[in-house]
Amino acid sequence: MAVADHSTVSRNKTSEYIFSPASTAYYPLLQSSQQNPRWINSTLSKPLFIITPYAESQIQAAVVCARNHGLQVRARSGGHDYEGLSYLCTTRFVLVDLLNLRSVALDPEKGTAWVQSGATLGELYYSIAKNTARTYGFPAGLCPSVGIGGHFSGGGFGTMLRKYGLAADNVVDARFVNVYGRILDREAMGEDVFWAIRGGGGASFGIILSWKIKLVRVPSLVTVFTIDKRLEEGATGLVLRWQNVAHKLPEDLFIRVIIQDDGGESLASQKTVKTSFNSLFLGRKDELIPIMNKRFPELGLQAKECTEMSWIESVLYFAGYPRGQPLEVLLSRTTLYKTYFKAKSDFVKEPIPETGLQGIWERILEEKLVFMIMDPYGGKMDEISESELPFPHRKGNLYNIQYLVKWEENGFKATKKHVNWIRMLYQYMEPFVSNSPRGAYLNYRDLDLGINRRGRGGGNYSEAQAWGRKYFKGNLERLAMAKAMVDPENFFRNEQSIPVLPTGRKNVI
Ligand code: FDA
């Protein structure tokens, strides 16, 4: 393989796709899609080479070549991994960045599409809207710069999860490169491996090239609203009520709650907690208002607080773009939210009582730039069994919580302070959330839950219970058996990769 040495990041010359640290393009490329600058100064190894393939055969060659040279491989699609696992490693490795493999091939008649892993959610949504006269959408995450490769393989959900489930629930085929450099589709990989890569994290099994997805019908007009209430405006009572109603609402209606610290920057403004009831309704506002009056009148929603728009415009709305932006903003691979952060997740099965909420408010008031994002479940999520896919958090969950703390200062001291704060909040939450195991969402990756210590990813089945049960509950065993079928020597591994559980089968896929 020839190694390119460029003065700029050139993506036009298809022959130049391997970059060593000697290349001036290497560092810009390495940092191009990192979402959490926390990892830029990491002391962990940097890749020996960054490979940006233009053809699938170049990925096959990269895997075979890395294996022959005893190097690890990290695949990166959108670079949003919360712990930087797509571009950091404790040992010598190559980074395969799929940014040049991002086509979306739609079949509007059949309502399906093949999308390459290197595409972003924004590119997928844009392509669907442009090519299907806005009649279709897809139920995946809210942030347009998230990569398809990591997102689909970890589950993936957004504002349509109550109606259509996870992104992974809507995948019908996939193509991936295995440890021997072979390309396998659904039929060739078999149902166990196809099951595993839809929620078990692709990084444990191979490099996923592309996914075939089922698009979903969206109405020509949807309705959005966001209502902010601070503590002094009755926020506590509304959150108490929301916990009882949000998961039982019609599945066309998704109301999430974003809780954050607010004010206190000046002497005049007192610090408080702000709650935002942020909603998508798959229908018109004159249908929405009667539902809200009947099911959640406490919020007092009025027609003037609702905006009707196309589904694709609602994608921009939830991504935080002001109204009137061209759809082309979805094609930007740069995130709107790049900042130092640490996140954690939980699933809630019983409403948190008022005293519990008061304790949360007290803790939020001690910090800055903190968020708790609560997504309601119910609807379609109740209809899918825990073992249908590796993502097990289905019926019985009222909502999931993502805790997030952001900060602006670089350095060890700042990191320690903010990470300690979120760990303290997580500890406080223990009595209020799912237990035995306490659930967590793989796509909100959290290395505090435990790591594969043996060989930093050597992968030991009993060691993996600590984090694996939280992400996958009883599905961990089947994941480890699928791993044995497709990667028995554990070539594809990271700090939280699925360990091998030998099945006794001789035939490796
Ligand atoms: P990245 O490229 O970092 O990959 C993540 C993991 O997948 C790594 O282990 C990587 O090796 C592996 N991987 C990536 N591509 C692969 C491939 N082709 N084959 C095999 N393995 C591959 N989630 C959600 O459900 N709903 C949401 O709304 C959001 N919103 C959101 C906003 C922001 C700002 C961030 C930073 C994150 C989210 N997420 C989210 C979480 C997101 O779904 C999660 O971080 C995904 O894993 C990101 O996928 P990327 O491809 O971008 O990450």
Side-chain angles (χ1 to χ4, degrees), residues 32-39 53 56 59 63 72-89 93 95-99 101-102 115-123 139-161 165-168 174-178 196-211 254 256 258 278 315 318-320 333-343 345 371 373 375 391 393 400 402 404 406 441-447 457 487 492-498:
S32 60
S33 68
Q34 285 178 353
Q35 302 308 313
N36 196 345
R38 217 177 127 193
W39 306 117
E56 294 179 342
I59 300 182
V63 169
Q72 287 242 305
V73 170
R74 294 277 154 121
R76 180 165 78 177
S77 289
H80 285 59
D81 191 275
Y82 281 13
E83 302 278 9
L85 295 195
S86 54
Y87 48 86
L88 296 172
C89 189
F93 77 111
L95 167 56
V96 176
D97 191 317
L98 301 172
L99 85 167
L101 291 173
R102 53 184 209 247
V115 51
Q116 285 186 305
S117 281
T120 60
L121 292 178
E123 288 167 333
L142 283 76
C143 171
S145 55
V146 164
I148 298 290
H151 188 66
F152 286 14
S153 67
F157 59 77
T159 53
M160 295 201 288
L161 98 158
L166 308 175
R175 299 178 68 251
F176 96 127
V177 174
N178 76 357
I197 59 171
R198 288 174 295 154
S204 300
F205 301 97
I207 299 186
I208 303 163
L209 302 170
S210 53
W211 310 78
F254 168 90
R256 66 175 182 160
I258 304 167
N278 180 223
V315 168
F318 284 98
R333 293 179 73 93
T334 315
T335 180
L336 295 173
Y337 320 103
K338 199 163 187 157
T339 179
Y340 300 94
F341 71 88
K342 168 77 188 158
S345 61
F371 301 84
I373 303 170
D375 296 304
F391 180 100
H393 313 291
N400 112 325
Q402 175 175 203
L404 200 63
K406 301 181 180 180
Y441 173 34
L442 179 67
N443 268 343
Y444 298 156
R445 194 193 300 284
D446 179 7
L447 293 188
D487 183 21
F492 289 107
R493 59 184 191 268
N494 63 36
E495 285 73 359
Q496 282 186 341
S497 58
I498 303 295

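Along the sequence shown, residues carry numbers from 1. Only a predicted model underlies this, so the values are computations on that prediction, with no experimental measurement involved. For ligands, and for the atoms within them, numbers begin at 1 and follow the listed sequence.
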Does A167 reach ligand 1, in the sense of a heavy atom lying below 4.0 Å from it? no
I want to know whether F205 and F492 have ring centres closer than 6.0 Å. no
Side chains of V96 and P53: does their closest heavy-atom pair fall under 4.5 Å? yes
Any nitrogen or oxygen of S86, main chain or side chain, under 3.5 Å from a nitrogen or oxygen of ligand 1? yes
Element-labelled atoms of ligand 1 that are located less than 4.0 Å from some non-hydrogen atom of G156: 25 (O)
Which one of L161, N443, T159 has a non-hydrogen atom at the shortest distance from atom 47 (O) of ligand 1? N443
Any side-chain heavy-atom pair of E83 and E495 under 4.5 Å: no
Counting from 1, what ligand 1 atoms have a heavy atom of R76 closer than 4.0 Å? 2 (O)
For ligand 1, which atoms sit closer than 4.0 Å to a heavy atom of G206? 19 (N), 20 (C)
Please classify the R74 to ligand 1 contact at 4.0 Å (heavy-atom distances, strictly less than): side chain, backbone, both or neither. neither
Would you say the side chain of S77 lies within less than 4.5 Å of the side chain of I148, judging by non-hydrogen atoms? no
I'd like the name of whichever of L209, D97, D81, V96 reaches closest to atom 8 (C) of ligand 1 through any heavy atom. D81
Among Q402, E495, Q116, H80, which one puts a heavy atom closest to atom 35 (C) of ligand 1? H80
I'd like to check whether A75 has a polar contact with ligand 1, where a contact means an N/O of the residue lying under 3.5 Å from an N/O of the ligand. yes
Please say whether I148 places an N or O atom under 3.5 Å from an N or O atom belonging to ligand 1. no
Note: ligand 1 atoms sitting under 4.0 Å from heavy atoms of Y444 are 23 (N), 40 (C)
Check each of F152, F254, Y441 against F157 using the ring pair (Phe, Tyr, Trp, His ring centres under 6.0 Å) test, and report the only one that passes. Y441
Can you check whether G147 has an N/O within less than 3.5 Å of an N/O in ligand 1? yes
Expected output: side-chain R74 to main-chain R493 donor-acceptor under 3.5 Å: yes
Atom indices of ligand 1 within 4.0 angstrom of L142 heavy atoms, with elements: 27 (C), 28 (O)
Heavy atom of G79, distance to ligand 1 below 4.0 Å: yes
Shortest non-hydrogen pair, A174 vs I197, comes out as CB-CD1, 3.8 Å
Before signing off on this row, confirm whether G141 and ligand 1 have an N or O atom pair separated by under 3.5 Å. no
Partner of R256 under side chain to side chain donor-acceptor pair (under 3.5 Å), chosen from N400, D375, N278: N278
Tell me the contacting part of S117 for ligand 1: side chain, backbone, both, or neither, using a 4.0 Å heavy-atom threshold, strictly below. side chain
Is the side chain of Q402 donor-acceptor paired with the backbone N or O of F371 at a distance under 3.5 Å, no angle test? no
Could you tell me if the side chain of S117 sits less than 4.5 Å from the side chain of F176, heavy atoms only? no
Short side-chain to backbone donor-acceptor contact, H151 and G141, under 3.5 Å: yes
Roughly how far, to the nearest 0.5 Å, is CG of L209 from CG of L98? 7.5 Å
Minimal non-hydrogen separation, A75 against I207, with atom names: CB-CG1, 4.2 Å
Does Y441 approach ligand 1 within less than 4.0 angstrom via side chain, backbone, both or neither, non-hydrogen atoms only? side chain
Is C143 close to ligand 1, meaning an N/O of one under 3.5 Å from an N/O of the other? no
Taking only heavy atoms of G202, which atoms of ligand 1 are found under 4.0 Å from at least one of them? 20 (C), 21 (N)
Any heavy-atom pair between the side chains of V146 and T120 that's under 4.5 Å? no
Measuring from L404:CG to F341:CZ, what's the distance to the nearest 0.5 Å? 6.5 Å
Applying a 4.0 Å heavy-atom criterion (strictly less than), which segment of L98 is in contact with ligand 1: side chain, backbone, both, or neither? side chain
Is I207 close to ligand 1, meaning an N/O of one under 3.5 Å from an N/O of the other? no
Short version for Y87: what comes under 4.0 Å of ligand 1, heavy atoms counted, is neither
With a 4.0 Å cut-off on heavy atoms, is G154 touching ligand 1? no
For ligand 1, which is the ligand I care about here, please tell me if S145 has any N or O atom under 3.5 Å from one of the ligand's N or O atoms. no
